[in-house]
Amino acid sequence: MKGRFAPSPSGRMHLGNLFSALLAWLSARHEGGALVLRIEDLDPDRCKPEYAHRLMEDLRWLGLDWDEGGEDPACWQSNRGHLYEAAFEKLKCKNLVYPCFCTRHQRLSEAPHGPDTSPSCPCAALTPEEVALRTLTRPPNWKVKVPQKAVSFPDGLQGVYSENLALDCGDFPIRRWDGAWAYQLAVVVDDAAMGITEVVRGRDLLSSTPRQLWLYEALGLTPPARFCHVPLLVAPDGRRLAKRDADLDMGALRQRFRPEALLGILAHLAGQQPTPAPVSATELAQTFDWSKVPRTDIPVSADLLPRE
Ligand code: GLU
């Protein structure tokens, strides 16, 4: 059993990221499995090495460790372009890739997992002459052609999730016009290359999984055996906690809490203990139980985070 935590170092870690990281760690450690820390620094405009180093320091402060990756440059996606290139060529050879000149896809980096798909892209039908002509004025993004095919998988927390790739998702970008690799391709190549058997990540990525499962198949790779999409932490008004909630970033949290106090709060939110009583990561790993983890988004109330 091998799990992973795959953060994008685009800011200080906050309570929401930490919640996913903790569940990935607990699940692996409870089963005596290994854990990889992969740094997903694909977007050069947003990701900074200092954020990655800070993130590792924050995880260590909490008592969360890993067996592979972390400081190892080979596990930083910015150093793995050769692997993505090989996968891209493989898809090209299978006639599954085409250049797309639609302008909105140039905004891929602004929404790395977001609504970057288009059910029927007119660019798929361009002739080689039209492509050559358009390339003179605009470098294209590269998309994969998805089939009319239903892809289903049993999520460990969310139940069976299915999508018809062509209808619900559509062709999607795997490489940006400036050469930057898209998350969907990189995550598949890396999870396969690193032998990951369990993916634990936020529920916001649930709808990416059918695309990724299809990419595994198209590339002839073995997908992880198990996916668990964990609920998001939300403010009492339902808004997702984000990096802009500066009072919930690790800098602020470390000033307010000891590691065990913060872990106690997270464990309580994750259904693992009836109160937010302080607890250590190793104690939690012993008793970790997926069946107690809530399925729906979790409101974080102000009284759970008292100012000490
Ligand atoms: N790097 C992604 C993020 O920080 C997570 C990707 C994944 O876990 O598959 O949102």
Side-chain angles (χ1 to χ4, degrees), residues 2-28 35-49 51-52 54-56 58-59 64 66 68-70 75-80 83-84 87 108-116 153 155-158 161 172 174 176 180-216 221 223-233 240-245 248-250 297:
K2 196 180 197 184
R4 61 23 161 222
F5 177 47
S8 302
S10 59
R12 188 86 188 247
M13 208 166 43
H14 61 84
L15 198 68
N17 312 127
L18 190 54
F19 185 71
S20 305
L22 177 64
L23 287 171
W25 186 90
L26 286 174
S27 183
L35 207 89
V36 177
L37 174 62
R38 182 171 69 234
I39 303 297
E40 301 214 323
D41 57 343
L42 282 178
D43 186 341
D45 300 332
R46 294 174 152 215
C47 297
K48 294 201 175 77
Y51 290 137
R54 185 53 77 82
L55 186 152
M56 292 185 240
D58 284 338
L59 291 173
L64 305 185
W66 51 91
E68 273 177 48
C75 289
W76 292 44
Q77 288 189 326
S78 55
N79 294 324
R80 300 174 63 83
L83 298 171
Y84 313 141
L108 179 61
S109 73
E110 287 166 30
H113 320 304
D116 51 9
F153 72 99
D155 188 79
L157 271 187
Q158 310 296 333
Y161 182 78
F172 60 91
I174 52 171
R176 204 167 62 182
W181 297 104
Y183 158 72
Q184 306 292 356
L185 181 71
V187 76
V188 164
V189 169
D190 286 345
D191 280 339
M194 295 174 180
I196 301 300
T197 63
E198 181 182 81
V199 168
V200 176
R201 59 187 173 195
R203 213 166 63 92
D204 53 325
L205 291 170
L206 181 66
S207 67
S208 285
T209 308
R211 265 175 276 178
Q212 294 171 13
L213 288 171
W214 174 74
L215 277 176
Y216 282 105
L221 299 171
R226 182 173 148 95
F227 288 87
C228 282
H229 288 87
V230 304
L232 304 178
L233 299 187
R240 183 180 173 185
L241 299 184
K243 285 185 175 140
R244 65 177 179 276
D245 293 299
L248 294 180
D249 83 15
M250 283 300 286
D297 290 347

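Ligands are counted one by one from 1 in listed order, and the atoms in each one are counted from 1 as well.
- Of all the atoms in ligand 1, the ones that sit under 4.0 Å from a non-hydrogen atom of Val187 are 9 (O).
- For ligand 1 and Ala6, the ligand atoms under 4.0 Å from any heavy atom of the residue are 1 (N), 2 (C), 4 (O), 5 (C), 6 (C).
- With hydrogens and angles disregarded, no donor-acceptor distance shorter than 3.5 Å links the side chain of Trp181 to the backbone of Arg176.
- Listed by atom number, the atoms of ligand 1 under 4.0 Å from Ser8 heavy atoms are 1 (N), 2 (C), 3 (C), 4 (O).
- In terms of N/O distances under 3.5 Å, ligand 1 is not approached by Leu205.
- Here the straight-line distance linking atom CE of Met250 with atom CZ of Arg12 works out to 6.5 Å at 0.5 Å rounding.
- Evaluated for a side chain to side chain contact (heavy atoms under 4.5 Å, CB included) with Pro224, the options Val199, Leu213, Thr197, Val188 yield exactly one hit, Val199.
- In this structure a side-chain-to-backbone donor-acceptor pair under 3.5 Å is present from Asp41 to Ser78.
- Counting only non-hydrogen atoms, the option in Glu40, Gln184, Met13 that gets closest to atom 1 (N) of ligand 1 is Glu40.
- Using modelled atom types, no side-chain atom of Ser27 and backbone atom of Ala24 make a donor-acceptor pair closer than 3.5 Å.
- With sequence neighbours excluded, the residues forming a side-chain hydrogen bond (donor to acceptor under 3.5 Å, both in side chains) with Asp297 are Arg203, listed by chain and number.
- Relative to atom 7 (C) of ligand 1, the option among His229, Arg4, Gln77 with the closest non-hydrogen atom is Arg4.
- Residue-level proximity to ligand 1 for Phe5 is absent, since no heavy atom of it falls below 4.0 angstrom.
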